[in-house]
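We count ligands from 1, going down the list as the structure has it; atoms in each ligand are counted the same way. Excluded from the calculations below are hydrogen atoms, water molecules and symmetry mates; all remaining heavy atoms, backbone and side chain alike, are included.
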Amino acid sequence: MIMTMRSMTIQLQVKLQLHSILLSFLLLPTISVAILTKQIQPGSTLYASNTTQTWSSPNNTFSLTFIPLNPPTSPPSYLASIVFSGGIPVWSAGTTPLDSNASFQFHPTGNLLLLNGTGHTIWDSGTANLGISSASLDDYGNFVLANGTGLPVWSSFDHPTNTLLPSQNFTTKQVLRNGLYSFSLHSYGNITLKWNNDSIVYWNQGLNKNLTSPTLGLQSNGILSVYDTTIVPRGVVMAYSNDHGEGSDILRFLKLDEDGNLRMYSSVRGRGNETVEWVAIEDQCRVFGYCGNMGICRYNGKNPICGCPSQNFELVDPKDSRKGCKRKMEIENCPLNVTMLDMEHTLLLTYPPQSIFAIDGSQIFFVGISACRLNCLVNPTCDASTTLSDGTGMCYYKTPEFITGYQSAALRSTSYVKVCPPVLPNPSPGLVSGKGGGWRMQSWVIAIVVIGVALGLIVLEGSLWWCCRSSPKFEGLNDLFEYASGAPIQFSFKELQRCTNGFKEKLGTGGFSAVYKGVLANRTVVAVKQLEGIEQGEKQFRMEIGAISSTHHLNLVRLIGFCSEGRHRILVYEFMQNRSLDNLLFQTGDNKSGKLLNWECRFNIAIGTARGITYLHDECRVCIVHCDIKPENILLNENYTAKVSDFGLSKLNTSKENKYRTLTNIRGTRGYLAPEWLANLPITSESDVYSYGMVLLEIVSGRRNFEVSAETNWKMLSVWAYEEFEKGNVTAIVDRRLVKEEVDMEQVVRAIQVSFWCIQEQPLRRPRMEKVVQVLEGITKIDSPPSPKGRE
Ligand SMILES: *[C@@H]1O[C@H](CO)[C@@H](O)[C@H](O)[C@H]1NC(C)=O
Ligand SMILES: *[C@@H]1O[C@H](CO)[C@@H](O)[C@H](O)[C@H]1NC(C)=O
Ligand SMILES: *[C@@H]1O[C@H](CO)[C@@H](O)[C@H](O)[C@H]1NC(C)=O
Ligand SMILES: *[C@@H]1O[C@H](CO)[C@@H](O)[C@H](O)[C@H]1NC(C)=O
Ligand SMILES: *[C@@H]1O[C@H](CO)[C@@H](O)[C@H](O)[C@H]1NC(C)=O
Ligand SMILES: *[C@@H]1O[C@H](CO)[C@@H](O)[C@H](O)[C@H]1NC(C)=O
Ligand SMILES: *[C@@H]1O[C@H](CO)[C@@H](O)[C@H](O)[C@H]1NC(C)=O
């Protein structure tokens, strides 16, 4: 039966192939005619006054034409651009927009000329008199000037502007530019983003290997790789589009945007829209100079906004806050002694070479916080200083050339800027539209909303207090009784300060927190987690505490208490002797204990973790999506029992029905983030399943999922592991350090299969955590997994 089915499909395929061969024979003459007619004759000219006039590629995928600026200007101005079907520009002749009298000419000398209204050359390809006889635009978007022998002499791919297209070879000689920003590839295989004639490197990522002649290439499926003859067999993946592999009519391209960030976009043919699929710097405020000189970047929700350090400054251009700020009174003209404006939670961005060498103004010193302020104040060449309050005592002194800042409650950094007294601090953002403040956006609307919300909260809090004033929980009484009963204790900040010896012994740091060791009065050892940048109010915090402490499971870390006092938001957890899984799993610098987790232990940790997450998803009173499952958040007690930690913060689902609530701020960690995070789709428990799948694969292989190396054939762990799995080479995936140990291969295969199911790109294909537990335990069987990328 199966045999006959097979032969039928084979017959069908043969027929189809015959058909397509026939078809191509029929189409061939017309295609070659089309190519001929698409040749651009010397002397041809495009006019900005007629934007319907185009030089198109044979199948109209790309065309060269004048396009009006977007957003439109008045009077309209145009750029001569190569656009993808639908209108997305991917290359332009020069960067100066011209009026409607401009023209673009393939001059008979072989030169390409962009002329303004009065016939002045604004841009040219510099190819006059090189024997060029033809010009054409191909279906990959490359505009080529060829000489008599048909060999290319000049091409737009060799002279890119701000965009890299698939099949375009980007070498160390080429640069993408946008304003003061540039993107380039270096001989070490590094890709970098730089500011102002390469003076500041604000993003640098890559191989850091000795290569011969690296090129960067984007495949049409959205994978960006570095290729070199020394890297065999294929390139090293640097980034990939979140929708990679899918869709045939989708163009993916890499673009250096005007805001200094590098993004990968995809655009559907003919639609004219573009979707961000990858971004180099997720934190836009870390892009050097985004807010101009003396500009301070901060977030308004998800959007970065620019403003000035204080009311001592005003915007250079009130219409464009990104142009930066200037002092209302220069410090040289100051009638009184210059003073320092103190800015808490503010970092003045410091990148190489600024941060490495004491050149171009910036210098590093290791001094205390007050010295950092004072030394700058008394030094006439210093204009500002910034100190990282992270215990290192690093202090950077800045000279007036260019200073760019980032302010966020989550930053542990304080900065000082010289101003003329009196210091005029900024009003709280949004409340008053101070003239120089920069946060002018319909501020009275915001003010009304803020006041309204504040009044509402006061009423709410008042009524809450009225209901709860007799509840001991809200008065921090009867601590011992509460601890015994399992309800969280409310600690005062002073108490925690005492029990941690003034936050002395740091156990670790996370994105928005630091964890310290402490000992309670009753001798219980605890981990004290100090949250930072939690902008939510007291009430929300208490609600979340309530939800966290309502969880009781062997595989969840138990919350003992909390502190919510002023700006302090602190959680007190039971202490885990064997720290977090990453310490024991990976051979990194931190793994000093040299301990190796044997397979039995790993497998138990895998099951325990799965049980903990199952409980969070299905069994506790309110469904909790963890959102940040990674080895760092899997703690191990003295018996190596897995305890999931860090759940329940700002990501509660109020009911099981309400699973599709989207989150306003992304938590989570790259490498473990399910694709839907970045695609802005709803975050559900399936996203946790994805992260768990990545962790499971790491438990088996002892490797980080995002670290590529020769061992994984320079591929992502999941991709490489799946290939090995398909070849039946399961042992290759298992941690090499376990070679001499006893390993239950049946369990290994189960774990690997489950992990591939968990990391399916399509959320609905992933199993529920309950099923994961059953399969791991061997209670239920699971089919052989399809490729996680879902391309079949
Ligand atoms: C064309 O460019 C020349 C030189 O840059 C300039 O003097 C002239 O005003 C421009 N003409 C128009 C119409 O922009
Ligand atoms: C146009 O041509 C390009 C390159 O030759 C090809 O990849 C693409 O599929 C073609 N598109 C259409 C709609 O024929
Ligand atoms: C055509 O261009 C190629 C590549 O630039 C060059 O090697 C060749 O000599 C040129 N041929 C003529 C006839 O100009
Ligand atoms: C890019 O490089 C590859 C490999 O060297 C080559 O086959 C291809 O033709 C190049 N593409 C272009 C547009 O030059
Ligand atoms: C290349 O990038 C890595 C980070 O990915 C960095 O550590 C290294 O210093 C860079 N190398 C050069 C030569 O810039
Ligand atoms: C890189 O390779 C070149 C040529 O093989 C060699 O001269 C140079 O010393 C190498 N540099 C490093 C840092 O390995
Ligand atoms: C200004 O500075 C000078 C010299 O440093 C000092 O003597 C003087 O007291 C200062 N004046 C004020 C008002 O602080």
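Using a 4.0 Å cut-off between heavy atoms, Ser155 makes no contact with ligand 4 at all. Both the backbone and the side chain of Asn204 come within contact range of ligand 5, each with a heavy atom under 4.0 Å.
With rounding to the nearest 0.5 Å, the separation of CD1 in Ile82 from OG in Ser92 is 9.0 Å.
Using a distance-only test at 3.5 Å, with no hydrogens or angles considered, no donor-acceptor pair links the side chain of Glu698 to the main chain of Val695. Gln284 contributes a side-chain N or O that, together with a main-chain N or O of Asp259, makes up a donor-acceptor pair within less than 3.5 Å. Between the side chain of Asn221 and the main chain of Ile223, a donor-acceptor pair closer than 3.5 Å is present. In this structure a side-chain-to-backbone donor-acceptor pair under 3.5 Å is present from Asp228 to Thr212. For the pair Tyr78 (side chain) and Ser103 (backbone), a donor-acceptor distance under 3.5 Å is absent.
Residue Asn169 places at least one N or O, backbone or side chain, under 3.5 Å from an N or O of ligand 4. Taking only nitrogen or oxygen atoms, main chain and side chain alike, Gln205 does not reach within less than 3.5 Å of ligand 5. Between Asn208 and ligand 5, at least one pair of N/O atoms sits closer than 3.5 Å.
Annotation: side-chain contact (heavy atoms from CB on, under 4.5 Å) contacts of Asp124 (sequence neighbours excluded): Asn111, Leu113, Thr121.
Close approach to Ser167 involves these atoms of ligand 4, each under 4.0 Å from a residue heavy atom: 11 (N), 13 (C). Interface of Gly206 with ligand 5, defined as ligand atoms under 4.0 Å from a residue heavy atom, comprises 2 (O), 5 (O).
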Write 'none' if nothing qualifies; otherwise put on separate lines each N/O atom of ligand 1 with a protein N/O atom under 3.5 Å away and their distance to 0.1 Å.
| from | atom 1 | to | atom 2 | distance (Å) |
| --- | --- | --- | --- | --- |
| ligand 1 | 2 (O) | Asn116 | ND2 | 2.2 |
| ligand 1 | 11 (N) | Asn116 | ND2 | 3.0 |
| ligand 1 | 11 (N) | Thr118 | OG1 | 2.9 |

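Note on ring orientation: taking the six-membered ring where Trp is involved, the planes of Phe84 and Phe62 are tilted (angle from 30° to 60°). Ring orientation note: the planes of Phe143 and Trp55 are close to parallel, at an angle under 30° on the 30°/60° scale.
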